[in-house]
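A short write-up of the structure that comes next.
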There are 2 protein chains.
Amino acid sequence: MATIKDISQLTGFSITTVSRALNGYSDVSESTRKLIKEAAESLSYSPNGLARGLVMKETKTLGLLVSGMTYKNIDNNFVFEVLCGINDSAANSDYDLILFSTNTAKQKMKTYTQLCRERKVDGVILQGVKTDDPYLQEVLDSDIPCVLIDIPIQSENVGYVSTNHKESAQAAVEHLIRLGHQKIAMINGYPEAFVSKERFEGFVTAMDQAGLNWKREWVVNGDFTEEEAQHQAVKLLRAYPEITAFFCASDMMALGVIKAANEMGLSVPGQLSIVGFDDIPTAVYFQPPLTTIGQNMYQLGYEAANLLMRMLKSEDSPKSNVLRNELILRSSTDKPHHRNI
Amino acid sequence: MATIKDISQLTGFSITTVSRALNGYSDVSESTRKLIKEAAESLSYSPNGLARGLVMKETKTLGLLVSGMTYKNIDNNFVFEVLCGINDSAANSDYDLILFSTNTAKQKMKTYTQLCRERKVDGVILQGVKTDDPYLQEVLDSDIPCVLIDIPIQSENVGYVSTNHKESAQAAVEHLIRLGHQKIAMINGYPEAFVSKERFEGFVTAMDQAGLNWKREWVVNGDFTEEEAQHQAVKLLRAYPEITAFFCASDMMALGVIKAANEMGLSVPGQLSIVGFDDIPTAVYFQPPLTTIGQNMYQLGYEAANLLMRMLKSEDSPKSNVLRNELILRSSTDKPHHRNI
DNA sequence: TTGTATGCGTTATCAG
DNA sequence: CTGATAACGCATACAA
């Protein structure tokens with residue numbers, strides 16, 4: 001609870017001098033600096049960040065607005081990996097992170113801008129917002145430096161970090177095509193996710209370039225959940241027995257499809273090939289181990305924080321960074337064997 | 001960037017009145033309150049948390065000091081689950097969380113107390129610190145309200161939240177004993193972890209109560225890592241072929257033991273039974289699915305934040321909360337079949 | 001019911 | 001090299 005005032009009284013120097021001495025200004029003699037530092041030590045002084053932030057207009061704090069840090073997403077360490085990356089990067093530059101805990105309920109109470117301004121964060125990283133999220137427009141209107149994760153929008157003070165969703169989705173489907181699959185279905189997430197849109201485009205591109213005509217009905221939304229994906233896959237497999245492969249927009253949904261195959265008595269990959277997306281830690285333990293698109297979420301977070309801090313230093317470097325995903329071949333894909341044979 | 005001063009000028013009321021009106025004091029007429037609120041709205045005013053915190057000596061902020069939010073622990077969503085629980089609980093009471101990003105490197109630069117005082121957090125939750133961590137003593141010396149996770153220490157302003165490690169470890173071993181195992185080895189974490197100590201005690205109690213004499217050499221440390229556990233298990237299985245079961249202090253180490261069994265050509269659970277601890281999401285996908293002790297880490301985090309916020313309201317309710325774990329039976333344990341048969 | 005004056009702990013401006 | 005003094009934005013005891 002000691003303040004510079006206490007140090008001032010103890011040493012006899014003015015508040016000003018104490019402040020300058022402690023902050024390493026050069027226009028204070030080494031002898032007084034030594035005295036002051038000793039006094040600070042003996043009083044176990046620590047500067048008050050609030051007071052400092054109030055006058056300096058800089059808090060060395062990054063805001064983190066994450067949809068999905070709640071009970072239902074607990075299995076999705078996706079969010080956590082990003083968080084670790086952000087954390088490590090911020091730590092290197094002496095920033096601390098503040099987690100805005102915003103339920104969807106509270107989202108209506110406090111706007112994005114209010115949240116940030118109250119806490120006086122220097123910048124914000126946004127993760128998990130949807131296209132129809134009201135926050136999104138606010139971000140663009142606001143003057144707070146912001147980095148979006150997986151939303152390719154850019155402006156004066158908003159940048160983004162993402163991965164090449166379209167290309168890697170395309171690569172996943174091309175892998176299936178190369179194996180000989182022609183009747184390929186897709187389980188997507190939900191329309192409000194940017195990534196869903198991009199992954200769908202990748203699917204379409206791959207199919208079109210291969211000259212395969214695909215049915216609109218074969219592309220369905222699985223809400224990024226295992227259950228819904230399983231449900232949709234069963235429906236699809238019943239209605240269209242000719243389907244030999246699934247491309248899923250997430251590993252958990254791929255797991256749902258695996259279960260659907262089990263439910264239908266279809267072997268994987270013997271009678272049904274499945275590709276996922278994400279490469280969650282569990283994917284390698286699936287039965288069979290899942291062929292999937294690997295995303296380096298840690299690096300994504302790391303780069304997001306890096307980009308934001310560069311923006312704060314008003315370096316006018318590029319305001320976006322798109323990382324490359326990687327197709328990981330495991331055992332859930334194989335040549336097609338029509339199940340009526 | 002609008003302040004109450006701006007509102008004051010716009011409406012003609014004094015700063016005081018504006019402040020009181022906005023904060024819902026009763027001694028301001030409804031008509032002026034309405035005027036002031038409208039002005040605030042039109043200026044899109046948000047209060048400055050720094051200024052407020054400076055005078056109120058309360059920031060509505062909880063500090064979070066987590067060892068292990070870094071790259072190497074990324075597979076361990078343990079930390080994440082706790083975080084989600086804390087987050088949800090804090091959100092319900094309008095607290096925000098600040099993540100102290102402290103490398104072990106920086107740990108020497110800034111003390112625990114400095115970290116907290118600079119940020120003026122109202123209280124702190126500590127996770128993942130070891131018994132020999134210098135921060136631990138600081139916590140006890142400091143006057144900042146604090147809740148420890150999985151460290152049973154308590155004082156005027158520090159409480160803790162944990163699970164019944166000893167009893168549940170005991171239950172795990174008793175399960176093995178009930179199946180008929182007598183030669184049971186244990187892979188523990190490391191000595192500096194409180195939980196390791198407690199889980200070890202549970203092991204000892206179960207063995208002693210069953211009248212089984214166990215060898216000190218059969219209890220080894222696996223550093224909570226898959227690799228080290230595998231290494232140690234292989235060593236143990238080579239030296240003591242009579243071992244028929246392993247109790248592991250974490251699921252990842254149990255996985256290491258499964259791999260050790262594979263390496264040695266032993267079937268699980270046919271020739272070797274294995275029990276883990278944690279119930280990570282992956283455990284159910286192990287080959288075979290892992291019998292383990294399930295910890296509800298989300299709830300642990302939730303209760304930690306709850307406890308801390310109760311302490312902040314200086315309610316003198318109990319300062320500790322010990323949750324109960326649950327033995328989850330899957331397929332990695334069975335009756336012993338001596339491998340020479 | 002409203003306004004005046006003061007302080008929270010810092011940094012910054014400008015004199016000495 | 002050092003020291004008054006004024007901000008920063010807000011809340012509160014005390015007057016009116």
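Each chain gets a letter, A, B and so on, in the order the sequences are listed, and its residues count up from 1. Bear in mind the structure is a predicted one, so any value in this text is a computation, not a measurement.
Within the nucleic acid shown, B:Ser31 has no heavy atom closer than 4.0 Å to any nucleic acid atom. Using a 4.0 Å heavy-atom cutoff across all strands shown, A:Thr16 reaches at least one base atom of the nucleic acid. At the heavy-atom level, B:Val55 lies under 4.0 Å from base atoms of the strands shown. Here B:Asn48 lies in heavy-atom contact (under 4.0 Å) with sugar-phosphate atoms only. Residue contacts shown for A:Ile15 include a base, since a base heavy atom lies under 4.0 Å away.
Distances shown here put every side-chain N or O of A:Ser19 at or beyond 4.0 Å from the OP1 or OP2 atom of C:dT10. Distances shown here put every side-chain N or O of B:Tyr25 at or beyond 4.0 Å from the OP1 or OP2 atom of C:dT2. The side chain of B:Thr32 places an N or O atom within less than 4.0 Å of a non-bridging phosphate oxygen (OP1 or OP2) of C:dT2.
Distance CD1 (B:Ile7) to P (D:dC10): 8 Å, rounded to an integer number of Å. Atom pair A:Lys60:NZ and C:dT10:P shows a separation of 18 Å (rounding to whole Å applied). We find that CD1 of B:Ile36 is positioned 13 Å from P of D:dC10, with the value rounded to whole Å. In this structure, the CZ atom of A:Arg117 is 11 Å from the P atom of D:dC10, given to the nearest Å. At whole-Å resolution of the value, CD in B:Glu30 and C1' in C:dT2 are 15 Å apart. In this entry the distance linking CG of A:Leu50 with P of C:dT11 reads 13 Å, nearest Å. One can place CG of B:Leu43 at 15 Å from C1' of D:dG9, the figure rounded to the nearest angstrom. Here the P atom of nucleotide D:dG9 and the CZ atom of B:Arg20 are 22 Å apart, to the nearest Å.
Below 30°, between 30° and 60°, or above 60°: for B:Phe224 and B:Tyr190 the angle between ring planes is above 60°, a perpendicular geometry.
Nearest nucleotide to the side chain of A:Ile4, out of D:dC8, D:dT2, C:dT11: C:dT11. Out of C:dT2, C:dT10, D:dC8, the shortest distance to the side chain of A:Ala51 is found at C:dT10. The side chain of A:Phe13 has D:dT2 as its nearest neighbour among D:dT2, D:dC10, D:dT12. Distances from the side chain of B:Ser14 to the nucleotides C:dC8, C:dG3, D:dT12 place C:dG3 closest. Nearest nucleotide to the A:Leu54 side chain, out of C:dA12, D:dC8, C:dT2: D:dC8. Side-chain proximity of B:Lys57 to C:dT2, D:dC10, C:dC8: nearest is C:dC8.
Nucleotides of DNA chain C nearest to A:Arg52 and A:Lys5 differ in position, and the one nearer the 5' end is that of A:Lys5. Comparing A:Ala2 and B:Ser26 along DNA chain C, the residue whose closest nucleotide (by nearest heavy atom) sits nearer the 5' end is B:Ser26. Each of A:Lys120 and A:Asp27 lies near DNA chain D, and the nucleotide nearest A:Asp27 is the one positioned closer to the 5' end.
Counted by atom type alone, B:Thr61 and A:Arg119 present one or more donor-acceptor pairs between their side chains at under 3.5 Å. Neither side chain, A:Ser46 nor B:Gln114, offers a donor N or O lying under 3.5 Å from an acceptor on the other.
By the 4.0 Å N-to-carboxylate-O rule, A:Asp27 lies close enough to A:Arg20 to be salt-bridged with it.
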Would you please test B:Cys146 and B:Leu126 for side chain to side chain contact (heavy atoms under 4.5 Å, CB included) and show each step?
CA-CA 7 Å; B:Cys146 174; B:Leu126 244 76; 4.3 Å; yes

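With a 6.0 Å radius and a threshold of 12 heavy atoms from other residues, nucleotides or ligands, A:Lys37 has its NZ atom at or below the threshold.
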